[in-house]
Amino acid sequence: MNSYILWNDSYRVGIEEIDEQHRKLFEEINNLLNAVRESLDADIVEHLLNEMTNYVDCHFRAEQLYLEKHPRFKEHYLMHWEFTRKNMELVKMFQESRESAGREMADFLVNWLLKHVIHVDREYFLEMADLGLLP
């Protein structure tokens with residue numbers, strides 16, 4: 001299973017609201033990782049998973065408002081949609097087979113979040129800034 005994910009300023013996209021949400025996502029995923037690693041009660045893990053899932057949904061909506069004028073917005077939106085689909089699949093797996101699904105889910109979340117924030121979100125927000133489309 002991957003390590004905890006620590007926020008650092010190189011992940012910033014330049015919009016404080018989004019950077020704060022990304023920091024919060026790192027925190028939510030670390031809480032979930034800790035619960036899975038510590039083999040906490042499945043109800044606790046499920047609660048943390050639901051909290052994180054709800055927060056991700058709110059974050060995606062906020063981020064999409066900033067990026068809706070990006071020339072490749074649809075591509076970014078589809079990445080969010082694919083994440084949501086995969087996450088819901090993992091939630092269902094967790095509900096059916098708690099322990100093994102918890103580890104797979106944690107690995108997926110860490111890998112996806114790091115790659116998406118560092119390589120996708122940063123690129124999109126930098127391009128939006130270059131186009132003068134950010135506040």
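Heads up: numbering here begins at 1 and tracks the sequence. Because the structure is predicted, anything quoted here is derived from the model rather than measured.
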To the nearest 0.5 Å, what is the distance between [atom1] ([X]) and [atom2] ([Y])?
X    : Y   : atom1 : atom2 : value
I118 : N8  : CD1   : CG    : 7.5 Å
M52  : Y55 : CE    : OH    : 12.5 Å
Q21  : E16 : CD    : CD    : 10.5 Å
L67  : E75 : CG    : CD    : 11.5 Å

message: With a 3.5 Å distance limit and no angle check, can you tell me whether N30 reaches the backbone of L6 through a side-chain donor-acceptor pair?
response: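 Checked: no pair found.
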
- prompt: For F125, which residues count as a ring pair (Phe, Tyr, Trp, His ring centres under 6.0 Å) partner, sequence neighbours excluded?
  reply: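 For F125, no residue satisfies ring pair (Phe, Tyr, Trp, His ring centres under 6.0 Å) once neighbours in sequence are set aside.
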
- request: Tell me, please, which residues at least two apart from H116 pass ring pair (Phe, Tyr, Trp, His ring centres under 6.0 Å).
  value: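 Checked H116 against ring pair (Phe, Tyr, Trp, His ring centres under 6.0 Å); matches are H76, H80, W112.
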
Can you hop from [X] to [Y] via hydrophobic side chains spaced under 4.5 Å?
X    : Y   : result
V56  : M93 : yes
L25  : I18 : no
V91  : I44 : yes
V120 : F60 : no
W81  : M88 : no

message: Can you confirm whether the side chains of Q64 and H70 place a donor and an acceptor under 3.5 Å from each other?
response: no

- request: Check whether the side chains of E17 and Y66 place a donor and an acceptor atom closer than 3.5 Å, and report yes or no.
  value: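 Present: a donor and an acceptor within the cut-off.
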
So which heavy atom on [X] is nearest to which on [Y], and how close?
X    : Y    : value
L33  : A106 : CD2-CB, 3.3 Å
L133 : K69  : CD1-O, 3.9 Å
P135 : I15  : CD-CD1, 4.5 Å
D19  : V13  : OD1-N, 2.6 Å
L131 : P71  : CD1-CD, 4.0 Å

Look at [X] together with [Y] and state whether they make a salt bridge at an N to O cut-off of under 4.0 Å.
X    : Y   : answer
E123 : R72 : yes
E96  : K92 : yes
E89  : R85 : yes

field: N87: side-chain hydrogen bond (donor to acceptor under 3.5 Å, both in side chains) partners, not counting sequence neighbours
entry: T53

side-chain hydrogen bond (donor to acceptor under 3.5 Å, both in side chains) involving N34 - partner list, sequence neighbours excluded: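 So N34 forms a side-chain hydrogen bond (donor to acceptor under 3.5 Å, both in side chains) with Y4.
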
- prompt: How far apart are the C-alpha atoms of K86 and M105, what are their side-chain angles, what is the distance that settles it, and do they pass the side chain to side chain contact (heavy atoms under 4.5 Å, CB included) test?
  reply: CA-CA 9 Å; K86 176 68 174 175; M105 176 182 51; over 6 Å; no

message: Aromatic contact between F108 and F83, with the criterion being ring centroids under 6.0 Å apart: yes or no?
response: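 Distance test on ring centres: under 6.0 Å, yes.
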
message: Could you check, using the six-membered ring where one of them is a Trp, whether Y11 and W7 have ring centers closer than 6.0 angstrom?
response: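 Judged by ring-centre distance (under 6.0 Å), Y11 and W7 do meet the cut-off.
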
message: According to side-chain contact (heavy atoms from CB on, under 4.5 Å), who are the partners of E51, at least two apart in sequence or on a separate chain?
response: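 Counting only residues at least two positions away or on another chain, E51 forms a side-chain contact (heavy atoms from CB on, under 4.5 Å) with E28, H47, L48.
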
Pairing residues for D57 by the side-chain contact (heavy atoms from CB on, under 4.5 Å) criterion, not counting sequence neighbours: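 By the side-chain contact (heavy atoms from CB on, under 4.5 Å) rule, D57 matches R61.
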
Is any side-chain heavy atom of [X] less than 4.5 Å from a side-chain heavy atom of [Y]?
X   : Y    : value
K74 : E68  : no
R12 : R122 : no
E46 : F94  : yes

query: In this structure, which one of L109, N111, I29, V117 forms a side-chain contact (heavy atoms from CB on, under 4.5 Å) with I5?
result: I29

